[in-house]
Number of protein chains: 2
Amino acid sequence: MNKPAKIFKALGDETRLRLANLLLQTDREICVCEMVDALELPQYQISKHLTILKNAGILQASRKGTWVYYRLDDESSPFWRDFLKVLGRHLKQQAFVDDAAKLRQRLALRQNGQCVVGFVAATAIKNKFRTKKAAKNL
Amino acid sequence: MNKPAKIFKALGDETRLRLANLLLQTDREICVCEMVDALELPQYQISKHLTILKNAGILQASRKGTWVYYRLDDESSPFWRDFLKVLGRHLKQQAFVDDAAKLRQRLALRQNGQCVVGFVAATAIKNKFRTKKAAKNL
DNA sequence: ATTTTATATGCTTGAAATCGCATATAAGCA
DNA sequence: TGCTTATATGCGATTTCAAGCATATAAAAT
């Protein structure tokens, strides 16, 4: 598949568009657990969809210790970078706005601009990947 | 599915993107058989994909006698109209040029700006919907 | 070293999308 | 009316895709 079709296909999924939205609204690197908390979806889903977005050339990943941060691919063509910027400004539907709000709350937990906690309560339970640390916070 | 995801999904298919490209490059109404000849794909495929694009709110159809013409949906939001325009300019620089060239050849067969023939030779054979009129031209 | 935590991935299942073919519908024409 | 042509659509077969669950990997912490 050529690149444009691949990019559209990647964005043609509700969850992946929500993920892209998170990055478009904040314009910085976001780590996986932060997205898990923002969208309240199981961790494996987030991971898989991020992989698809990455393979489409929309995102890049970089590991920092245990955490993996994703950002918009800054090596993609100017056209697609601009396109995504403009798209970000037009995702005004409530769902997208809510996601972004929840992400901002979650980002408040950072220290020195770094993510320092995994996913928390509600999502953790849903994931059954609930950590002991998160359990204590219940 | 929300609208943006729906539109992206529709464009996330090679054939449908090629169809959209035809309309973007010529910026006028194109009828089904002309697209069949431009893309050299079976008529039923073209029809089905056009329906999907129409349902996504990207295209509009209008029948004129036996022929059905498709055009970009001019009732869609300003954002999506602009977006498609910009996309068209981008696709022009990439592949998709051959399709557009073939379409232009095909459009040369029009009379008074109207399509007056069905699909012709090569494509017609592939379709097994070969008309007697087209057969004579072989 | 062992355990804990963050992230990724293999596998199965069900749903959805696509294709190919046949045929239906709609409209013009003899 | 009956035939021809343009377009659409129903259906079965095949493929693609996402969800769900379990588990693997990678890196820290104890």
Side-chain angles (χ1 to χ4, degrees), chain A residues 1 5-6 9-10 12-19 30-37 39 41-56 59 61-70 114-120 123-124 126-137, chain B residues 1 5-6 9-17 19 30-37 39 41-56 59 61-70 114-120 123-124 126-137:
Chain A
M1 185 149 53
K6 200 168 180 180
K9 188 169 191 172
D13 172 274
E14 197 72 33
T15 303
R16 291 195 290 270
L17 194 53
R18 289 174 71 197
L19 284 170
I30 307 291
C31 93
V32 178
C33 59
E34 290 168 332
M35 301 201 224
V36 168
D37 275 347
L39 301 196
L41 287 175
Q43 175 269 330
Y44 63 81
Q45 273 193 33
I46 302 289
S47 265
K48 279 178 183 170
H49 284 302
L50 285 172
T51 300
I52 291 171
L53 287 167
K54 190 175 62 172
N55 289 339
L59 305 184
S62 63
R63 180 180 278 272
K64 291 181 184 170
T66 316
W67 284 272
V68 175
Y69 291 79
Y70 283 84
Q114 304 281 310
C115 176
V116 291
V117 293
F119 34 68
V120 293
T123 316
K126 215 188 260 177
N127 276 274
K128 289 199 310 189
F129 277 88
R130 184 156 53 97
T131 65
K132 291 181 180 165
K133 195 197 300 174
K136 274 185 266 172
N137 297 330
Chain B
M1 185 148 54
K6 200 169 179 180
K9 188 170 190 171
L11 294 175
D13 172 275
E14 197 71 35
T15 303
R16 291 194 291 269
L17 193 53
L19 284 170
I30 306 292
C31 94
V32 178
C33 60
E34 291 168 332
M35 302 201 224
V36 168
D37 275 349
L39 301 196
L41 288 174
Q43 177 268 332
Y44 61 80
Q45 271 193 35
I46 301 289
S47 264
K48 280 178 184 170
H49 284 302
L50 284 172
T51 299
I52 292 171
L53 286 168
K54 190 175 61 171
N55 289 339
L59 306 184
S62 63
R63 180 179 279 273
K64 292 180 185 170
T66 316
W67 283 272
V68 176
Y69 292 77
Y70 283 85
Q114 304 281 312
C115 176
V116 292
V117 294
F119 33 68
V120 293
T123 316
K126 216 187 259 178
N127 276 276
K128 290 198 308 188
F129 277 89
R130 184 154 53 98
T131 64
K132 292 182 179 164
K133 195 198 302 176
K136 274 186 265 172
N137 296 331

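So that the names make sense, note that chain A is the first sequence line, chain B the second, and so on, each numbered from 1.
Partners of A:S47 according to the side-chain contact (heavy atoms from CB on, under 4.5 Å) rule, which considers only residues two or more places apart in sequence or in another chain, are A:V32, A:Q43. Scored by the salt bridge (charged side-chain N to carboxylate O under 4.0 Å, His left out) test, B:K64 finds B:E29 as partners (sequence neighbours excluded).
Here the C1' atom of nucleotide C:dA17 and the CG atom of B:N55 are 14 Å apart, to the nearest Å. One interatomic measurement links the two molecules: CD of B:Q45 to P of C:dC21, which rounds to 10 Å at whole-angstrom precision. Distance CG (B:L41) to C1' (C:dT18): 13 Å, rounded to an integer number of Å. D:dA18 atom P lies 15 Å from atom CZ of A:R18, rounded to whole Å. Between the P atom of D:dA26 and the OH atom of A:Y69 lies a distance of 20 Å, rounded to the nearest Å. The distance between atom CD1 of B:I46 and atom C1' of D:dT9, rounded to the nearest whole Å, is 16 Å. Rounded to whole Å, the distance from NE2 on A:H49 to C1' on C:dT9 is 14 Å. The nearest whole Å value for the distance from the CG atom in B:L53 to the P atom in D:dA8 is 12 Å.
The heavy-atom pair separating A:V36 from A:L41 by the smallest distance is CG1-O, 3.4 Å. Between B:D13 and B:T15 the shortest heavy-atom distance is OD1-N, 3.0 Å. Shown here for B:A61 and B:K54, the closest heavy-atom pair between the two residues is CB-CD, 4.1 Å. Heavy atoms only, all atoms of each residue included: B:D37 and B:G118 are closest at OD2-O, 4.1 Å.
End-to-end axis angle of the helix from C:dA1-D:dT30 to C:dA30-D:dT1, from C1' rotation axes over five pairs per end: 10° (rounded to 10 degrees).
Nearest-nucleotide positions on DNA chain D for B:C31 and A:I52 put B:C31 closer to the 5' end.
Checking the phosphate oxygens (OP1, OP2) of D:dA8, a side-chain nitrogen or oxygen of B:Y70 falls inside 4.0 Å. Contact annotation: B:Y44 side-chain N/O to C:dG20 OP1/OP2 distance is under 4.0 Å. At least one side-chain nitrogen or oxygen of A:R16 sits closer than 4.0 Å to the OP1 or OP2 atom of D:dA18. Put simply, B:T66 has no side-chain N or O that comes within less than 4.0 Å of OP1 or OP2 on C:dA27. An OP1 or OP2 oxygen of D:dA6 is reached within less than 4.0 angstrom by no side-chain nitrogen or oxygen of B:K64.
One finds the CG atom of A:L59 at 8.0 Å from the OH atom of A:Y70 (value rounded to the nearest 0.5 Å). Rounding to the nearest 0.5 Å gives a distance of 7.5 Å between OH of A:Y69 and SG of A:C33. B:T51 OG1 to B:R16 CZ: the interatomic distance, rounded to the nearest 0.5 Å, is 10.5 Å.
A:E34 places a side-chain N or O within donor-acceptor distance of the main-chain N or O of A:C31, the cut-off being under 3.5 Å.
The side chain of B:W67 approaches D:dT7 more closely than any other nucleotide in the set D:dA27, D:dT7, C:dA17. Considering only side-chain atoms of B:R63, the nucleotide from D:dA19, C:dA26, C:dT7 that sits closest is C:dA26.
Residue side chain A:Q43 reaches the base of C:dA8 through a donor-acceptor N/O pair under 3.5 Å, judged by distance alone.
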Give each protein N/O atom lying under 3.5 Å from an N/O atom of nucleotides 11-14 of chain D, with the pair distance.
unit_1, atom_1, unit_2, atom_2, d
D:dC11, N4, B:K48, NZ, 3.4

